[in-house]
Amino acid sequence: MATRLYLCVFLLLLIAFQSTMIKATIVLPSPLCRPVLASTKENFQFALNLHIYKAELFLRSTVGRGINDISPGLVDGPAPIGATLANIDDRTKKVVEESGLASIGHIRAIVDMLFLKTPLPVPQLDLSPQVYAKFFDAINLTLKPPFNTYANTNSFLFAAVYASDFLKLFYAGIMSSIVGNPERELAAGIALYEAASYGVFRSLLNDRANLTVSPYTFTVGNGTNFTAQVANQLGGCGLKDEGLSVPLPLGAENRTTTNVIAADVNSLIYTRTAREILRIVFITGNATSPGGLFPHGFQGTLYQRILALKQN
Ligand SMILES: *[C@@H]1O[C@H](CO)[C@@H](O)[C@H](O)[C@H]1NC(C)=O
Ligand SMILES: *[C@@H]1O[C@H](CO)[C@@H](O)[C@H](O)[C@H]1NC(C)=O
Ligand SMILES: *[C@@H]1O[C@H](CO)[C@@H](O)[C@H](O)[C@H]1NC(C)=O
Ligand SMILES: *[C@@H]1O[C@H](CO)[C@@H](O)[C@H](O)[C@H]1NC(C)=O
Ligand SMILES: *[C@@H]1O[C@H](CO)[C@@H](O)[C@H](O)[C@H]1NC(C)=O
Ligand SMILES: *[C@@H]1O[C@H](CO)[C@@H](O)[C@H](O)[C@H]1NC(C)=O
């Protein structure tokens with residue numbers, strides 16, 4: 001009895017002591033925002049879907065070729081629906097092509113690390129302009145004519161930022177749970193690349209912030225605000241994407257409204273779980289209801305588990 005009492009007092013003191021030491025309260029994420037447990041291999045396999053998406057979008061829109069045309073035997077499966085060349089300027093085109101080629105290297109590095117069998121089965125992708133138009137419907141922004149991401153450089157850069165952003169947010173989220181030194185090095189190498197890629201495309205958008213997104217009257221700056229709202233609404237876990245210009249309380253150190261790199265209160269990169277990513281790329285706001293860019297869902301056991309556990 002007495003030992004129990006001492007134990008209780010000790011625990012109470014410990015709690016009191018800790019609460020003076022730890023200023024930040026630990027807030028459990030809401031059920032919608034909790035990650036589904038996944039192994040290192042499963043997380044990389046999940047990411048492969050996003051790498052394949054980025055490679056196919058970037059290469060088919062710039063050079064009209066897919067992953068298998070450039071690296072025969074790496075992947076296998078249905079060709080993306082609706083892929084088309086984008087009407088973009090030459091400088092942007094070269095940068096997009098470079099980043100698309102880099103994605104092939106990232107896919108190969110993951111395959112090698114995990115000893116995956118090639119050709120890798122690809123998810124069905126839908127890259128048609130109508131799918132990108134659907135993102136705007138999510139915030140009831142009915143554009144006339146419907147948004148065509150391939151129409152010009154300004155419109156295409158939104159898709160380019162999204163592709164890099166998904167990868168950056170996902171890797172930032174899994175980094176601390178990666179097991180094994182070579183695996184951590186690989187994840188860091190890819191995450192840093194994707195953060196750089198995101199920065200490059202955001203910077204290109206920033207140079208164009210005051211230009212209109214033809215044929216509409218809104219500016220590129222407004223457009224970044226719309227696409228951020230879309231991602232935040234579909235993701236369902238708060239503000240993690242931001243426009244190029246924000247109110248002061250969201251700017252770095254609350255001292256600027258310039259916001260080329262979206263980041264948290266200490267300017268750290270935001271994270272998104274697999275479920276949040278699925279809700280956005282499916283454009284359904286539901287991780288178990290495929291659609292949008294991935295009409296038949298993702299490849300890999302993490303996605304299968306999310307379905308089985310009904311973790312929408
Ligand atoms: C969009 O419109 C639908 C139907 O009118 C409404 O239920 C929904 O709340 C609207 N969403 C936003 C973000 O305004
Ligand atoms: C866009 O317009 C704002 C307000 O006039 C200005 O501060 C900013 O420098 C402009 N940006 C570019 C890239 O021209
Ligand atoms: C576009 O951005 C400008 C400058 O931030 C703002 O004044 C304007 O209201 C925005 N327009 C739309 C349609 O959001
Ligand atoms: C969009 O722009 C408005 C007005 O400038 C701002 O208050 C809001 O925070 C922006 N939203 C995002 C997601 O950047
Ligand atoms: C900036 O504002 C936010 C809330 O608006 C606050 O939590 C944060 O401490 C502020 N940061 C600085 C450096 O003042
Ligand atoms: C999510 O999608 C699944 C499969 O279509 C459906 O059964 C479920 O009701 C949806 N959940 C929500 C909250 O919409």
Side-chain angles (χ1 to χ4, degrees), residues 18-30 33 87-96 129 132-149 151-162 164-165 169 172-173 196-272 280 283 285:
Q18 286 196 332
S19 56
T20 62
M21 297 298 291
I22 306 171
K23 289 233 178 69
T25 41
I26 296 159
V27 185
L28 267 181
S30 80
C33 305
N87 177 32
I88 55 180
D89 66 58
D90 279 344
R91 274 173 53 116
T92 308
K93 185 177 154 185
K94 294 303 280 180
V95 181
V96 173
Y132 289 94
K134 272 195 205 163
F135 278 103
F136 291 91
D137 299 340
I139 53 167
N140 292 348
L141 190 69
T142 316
L143 296 176
K144 286 198 186 101
F147 182 72
N148 176 2
T149 202
N152 52 57
T153 303
N154 290 352
S155 300
F156 189 77
L157 282 170
F158 293 112
V161 165
Y162 254 9
S164 313
D165 193 31
L169 292 161
S197 180
Y198 164 86
V200 165
F201 292 118
R202 285 279 288 200
S203 174
L204 289 174
L205 278 173
N206 193 46
D207 292 342
R208 295 167 161 79
N210 296 335
L211 304 181
T212 57
V213 180
S214 172
Y216 315 107
T217 53
F218 67 82
T219 64
V220 166
N222 291 134
T224 60
N225 202 312
F226 299 150
T227 51
Q229 273 178 44
V230 170
N232 291 332
Q233 187 184 308
L234 291 172
C237 294
L239 183 143
K240 299 180 176 186
D241 278 278
E242 296 168 352
L244 279 171
S245 169
V246 288
L248 274 179
L250 288 177
E253 294 301 296
N254 302 341
R255 284 168 185 266
T256 178
T257 57
T258 300
N259 192 51
V260 181
I261 310 285
D264 75 5
V265 64
N266 287 326
S267 296
L268 307 182
I269 291 292
Y270 292 111
T271 65
R272 283 196 191 277
I280 300 168
I283 327 183

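Each ligand, and each atom within it, is numbered from 1 in the order the structure gives. Positions are given from 1 along the sequence. Worth knowing before you read on, the calculation uses all heavy atoms, side chains too, and leaves out hydrogens, waters and symmetry mates.
- Contact shell of ligand 2 (protein heavy atoms, cutoff 4.0 Å): Asn206, Asp207, Asn210.
- The shortest N or O to N or O distance between Asn254 and ligand 5 is below 3.5 Å.
- In summary, of the residues considered (Phe136, Tyr132, Phe135), a ring-ring contact (aromatic ring centres under 6.0 Å, His included) with Phe147 occurs for Phe136 alone.
- Applying the side-chain hydrogen bond (donor to acceptor under 3.5 Å, both in side chains) criterion to Asn206, with sequence neighbours excluded, gives no partner residue.
- To the nearest 0.5 Å, the span separating OH on Tyr162 from OG1 on Thr227 amounts to 5.0 Å.
- In this view, Lys134 satisfies the salt bridge (Lys or Arg N to Asp or Glu O under 4.0 Å) rule with no residue, not counting sequence neighbours.
- Checked against the 6.0 Å centroid criterion, the rings of Phe218 and Phe226 qualify as a close aromatic pair.
- Taking CG of Asn232 as the reference point, atom CG of Asp241 lies at 5.5 Å (rounded to 0.5 Å).
- With ligand atoms numbered from 1 in the order given, ligand 5 contributes 8 (C) to contacts under 4.0 Å with heavy atoms of Val265.
- Taking Arg202 as the reference, nothing meets the salt bridge (Lys or Arg N to Asp or Glu O under 4.0 Å) condition, with sequence neighbours excluded.
- With ligand atoms numbered from 1 in the order given, ligand 5 contributes 13 (C) to contacts under 4.0 Å with heavy atoms of Glu253.
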